[in-house]
Amino acid sequence: MPTATAISLSILFLLSLTTTIHAHNITRILAKHPEFSTFNHYLTITHLANEINRRQTITVCAVDNAAMSDLLSKGLSIQTIKNVLSLHVFADYFGSKKLHQVTKGSTSTATMYQATGEAPGTAGYVHITDVKGGKVRFTPEDNLSQTDSVYVKSILEMPYNISVIQISSILQSPEAEAPTAAPDLNLTSLLDRDGCQSFHNLLTTSGAIGTFLSSVEAGVTVFCPDDDAITAFAPKYKNLTAAEKTSLLLYHGIPVYNSMGMLRSSNGLMNTLATEGAKKKYDFTVQNDGNDVKLKTKVVTATVTGTVVDDEPIAIYTLDKVLQPRELFKGAVEEADEPAPAPKGAKKKKKAAKKGDEAEEDAEAPGPGSDEDYSDDDAADQTASGGGRVVAMVSVVVMAVVLSFDSGYHGSPTRVAHAGIEFSFYFFVFNL
């Protein structure tokens, strides 16, 4: 029995280390509460929901439908409504307990309105005050006379990831409610600016521009290789078929608006305009290196070098290289700062070639026009690697417990459990 207890405790600890943490989704959270349907709707159409879902350590101050009606009665533009609602998203975690235990009774916090750079000065800050009677009051930095916005209840708390609370009324900020100019939605003229003219010419002559234009209303992000990058890539581009040229160009667009702040907080795969309707993935990986944003395919790594426009729903950024999808070009990394393959790996290829005349040809990565799909192989590799690690870790835990028990821990399940947990912890750390 002591051994069984120790094994159970060790495996539970191991599982806690390998559990996947799922990101929050503000739309789904609020969808369970009909009284916040209007607030939820405007988080979606202003694209604030996407920003909220990408961030960690955040507080959303929701207001009910009646309070939203008061805001909508002012006839504000969508961009202005976005500024107002972004004032209701704090860049810090405030659960119910923390709100009622504010240090010295008052504090201030930055909001998403401040983080976007839209707020002049410190207008994007909100004061939080624990007043008498257990009430917590929220006051905008540029409207200290407002006293009617107070804490009502907690809707959801995921310490210290996201807290969704209800406040009694809209935070009234003169700066946030100030009229804002409507964004320029003429994607054609925006792409024809300095630095993107060569890329714009390719979009126009190939016909791919139509897909980009039809995506503007829902939001689009365009990664535009600069003129020098287009010139350097021209020899490869000429060898592509018309369909491949279109796929390559669509590979430089994302069917959703991404501000620079959103890109800098993103690390992972992104689908592109080339993904829709294609049999292959046509995705790439966003990686952040300090303030630099890099886009990585299996062929090349490009760096975002500048911003042409970042005005929702359109964002256009310049790149120092043309993005080359592995679906069209060789799968081996051609332009990365990685060391060359070891001689041992090269010898293995030669051995494989001895099996037949076609073996050496099959070892070559596909060039333009290849129909080989890598997605299943990648998924299998990841599954095999992950599964093997978990099996190995569980095996080590069981071995650790048995060894501990056989080494004189008889009659002490706690000491046995501690030994197993310690062994599994070190194994986990050294296999990260």
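Distance alone, capped at 3.5 Å, places no donor-acceptor pair between the Glu141 side chain and the Thr122 backbone. With hydrogens and angles disregarded, a donor-acceptor distance shorter than 3.5 Å links the side chain of Asn186 to the backbone of Ser189. Formation of a donor-acceptor pair under 3.5 Å by the Glu244 side chain with backbone atoms of Thr241 is found in this model. Looking only at distances, a side-chain donor or acceptor of Thr59 sits under 3.5 Å from a matching main-chain atom of Asp92. Side-chain atoms of Asn65 come within 3.5 Å of backbone atoms of Ser37 as a donor-acceptor pair (strictly under, hydrogens ignored). Side-chain N or O atoms of Thr80 include none that pairs as donor or acceptor with a backbone N or O of Pro179 at under 3.5 Å. In terms of modelled atom types and a separation under 3.5 Å, the side chain of Thr297 and the main chain of Gln324 share a donor-acceptor contact. Between the side chain of Thr204 and the backbone N or O of His200 there is at least one donor-acceptor pair closer than 3.5 Å. Side-chain N or O atoms of Ser108 include none that pairs as donor or acceptor with a backbone N or O of Val126 at under 3.5 Å. A donor-acceptor pair under 3.5 Å is formed between the side chain of Thr275 and the backbone N or O of Lys281.
Environment of NZ in Lys74: crowded, with over 12 heavy atoms of neighbouring residues, nucleotides or ligands closer than 6.0 Å. More than 12 heavy atoms of other residues, nucleotides or ligands sit less than 6.0 Å from atom CD of Glu35.
A cation-pi arrangement is found for Lys98 relative to Phe94, the charged atom lying closer than 6.0 Å to the ring centre and inside a 45° cone about the ring normal.
Side-chain contact between Arg264 and Met260: present, with at least one pair of heavy atoms (C-beta onward) separated by less than 4.5 Å. Two residues are said to be in side-chain contact when any heavy atoms from C-beta on lie closer than 4.5 Å; Val89 and Ser86 fail this criterion. With contacts defined as side-chain heavy-atom distances shorter than 4.5 Å, the pair Cys196/Ile316 qualifies. At least one side-chain heavy atom of Ile81 sits less than 4.5 Å from a side-chain heavy atom of Tyr42. Considering only heavy atoms from C-beta on, Tyr93 stays 4.5 Å or farther from Ile58 through its side chain. Within the 4.5 Å cutoff, the side chain of Ile45 has heavy atoms near those of the Ile78 side chain.
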- Mind running side chain to side chain contact (heavy atoms under 4.5 Å, CB included) on Leu203 and Phe212 for me, showing each step along the way? CA-CA 9 Å; Leu203 291 178; Phe212 282 87; 3.5 Å; yes
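Residues that satisfy the side-chain hydrogen bond (donor to acceptor under 3.5 Å, both in side chains) test with Asn271, not counting sequence neighbours, are absent from this structure. Asn267 pairs by the side-chain hydrogen bond (donor to acceptor under 3.5 Å, both in side chains) definition with Asn288, not counting sequence neighbours. Residues forming a side-chain contact (heavy atoms from CB on, under 4.5 Å) with Pro120 (at least two apart in sequence, or on another chain): Tyr113, Ala123, Glu175. For Asn53, the side-chain contact (heavy atoms from CB on, under 4.5 Å) test picks out His24, Asn25, Ile26, with sequence neighbours left out. Annotation: side-chain contact (heavy atoms from CB on, under 4.5 Å) contacts of Asp228 (sequence neighbours excluded): Asp226. In terms of the disulfide (SG to SG under 2.5 Å) criterion, Cys61 has no residue partners (sequence neighbours excluded).
Residues Tyr257 and Asp310 have side chains that bring a donor and an acceptor to within less than 3.5 angstrom of each other. For the residue pair Lys294/Thr303, the side-chain donor-acceptor check at 3.5 Å is satisfied.
Two rings, from Phe138 and His88, have their centers 6.0 Å or more apart. The aromatic ring centroids of Phe223 and Tyr251 lie 6.0 Å or more from each other. For Phe199 and His252, the ring centers are positioned less than 6.0 Å apart.
Smallest separation of non-hydrogen atoms from Gly95 and Ser163: CA-OG, 3.7 Å. When all heavy atoms are compared, the tightest approach of Thr272 to Pro255 is C-CD, 4.0 Å.
Residue Thr318 forms a side-chain hydrogen bond (donor to acceptor under 3.5 Å, both in side chains) with just one option from Thr307, Thr305, Asp227, and that option is Thr305.
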